[in-house]
Amino acid sequence: MKIELHPDAETDLVDGFAFYDAQQAGLGDYFVDSLLADLESLQIYAGIHPIHFGFNRLLAKRFPFALYYRVENDVVRVYAVLDCRRDPAVTHERLG
């Protein structure tokens, strides 16, 4: 299965990288590597995750983030990579 990132999801990853790299040098790289591994797992497990706000939601393994995606034909489209510590209303507004 092919995985496509929406431009907003790419921005989310860049923002997460900047946040974690500001905390400690190198942590941003670890964040991106971890999230990319989670993204790659969608090639096998796409569609099995519960639906939240109209999207499948994969919880990241090492960081408090969630990947919101939809399976459309043979393509997994990732629309957002959001921090789970946010107010759910903000997440709903972003995905709505």
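Keep in mind that this is a model prediction, so the values were computed, not measured. The first residue in the sequence is number 1, and the count goes up from there. Just the heavy atoms: all of them, side chains too, but no hydrogens, waters or symmetry mates, feed the values below.
Summarising the geometry of Phe63 relative to Ser34, their closest heavy-atom pair is CE1-OG, 3.8 Å, with the distance given to 0.1 Å. Across all their heavy atoms, Val71 and Gly47 have their closest contact at CG2-N, 3.9 Å. Among all heavy-atom pairs drawn from His49 and Asn56, the shortest one is O-ND2, 2.7 Å. In terms of heavy-atom proximity, Ile3 sits nearest to Glu40 at CD1-CA, 4.2 Å.
Distance check: Leu67 CG to Leu59 CG gives 9.0 Å after rounding to the nearest 0.5 Å. Remark: Tyr69 OH to Leu39 CG distance equals 11.0 Å, nearest 0.5 Å. The CG atom of Asp38 lies 12.0 Å from the OH atom of Tyr45; values are rounded to the nearest 0.5 Å. Atom-to-atom distance recorded for Asp74:CG and Lys2:NZ is 11.0 Å, nearest 0.5 angstrom. Within the model, atoms OG of Ser41 and CG of Leu36 stand 11.0 Å from one another, a figure rounded to the nearest 0.5 Å. With rounding to the nearest 0.5 angstrom, the NZ atom of Lys61 is 11.5 Å from the CG atom of Leu35.
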Exercise. Phe55 and Tyr79: ring pair (Phe, Tyr, Trp, His ring centres under 6.0 Å), yes or no, with the steps?
Worked result: CA-CA 9 Å; Phe55 294 85; Tyr79 290 91; 5.3 Å; yes

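Partners of Phe19 according to the ring pair (Phe, Tyr, Trp, His ring centres under 6.0 Å) rule, which considers only residues two or more places apart in sequence or in another chain, do not exist here. Under the side-chain contact (heavy atoms from CB on, under 4.5 Å) criterion, Phe53 pairs with Tyr68, Thr91, His92, Leu95, sequence neighbours left out. Residues that satisfy the salt bridge (Lys or Arg N to Asp or Glu O under 4.0 Å) test with Glu72, not counting sequence neighbours, are Arg77.
Side-chain atoms of Asp21 come within 3.5 Å of backbone N or O of Gly26 as a donor-acceptor pair. Put simply, the side chain of Asp83 gets close to the backbone of Arg85: a donor and an acceptor are under 3.5 Å apart. Under a 3.5 Å cut-off, the side chain of Arg70 and the backbone N or O of Gly54 do form a donor-acceptor pair. Asp12 places no side-chain N or O within donor-acceptor distance of the main-chain N or O of Ala80, the cut-off being under 3.5 Å.
His6 is not listed as a side-chain neighbour of Val78, based on a closest heavy-atom distance of 4.5 Å or more. A heavy-atom distance below 4.5 Å is found between the side chains of Leu82 and Arg94. Annotation: side chain of His52 is in contact with side chain of Pro50 (closest heavy-atom distance under 4.5 Å).
Dense packing is recorded around CG of Asp87, with more than 12 heavy atoms of other residues, nucleotides or ligands lying under 6.0 Å away.
In the hydrophobic cluster analysis, where Ile, Leu, Val, Met, Phe, Trp and Tyr join through side-chain heavy atoms closer than 4.5 angstrom, Met1 is grouped together with Leu5.
Between Asp33 and Arg62 there is no salt bridge, since no side-chain nitrogen of the basic residue lies less than 4.0 Å from a carboxylate oxygen of the acidic one.
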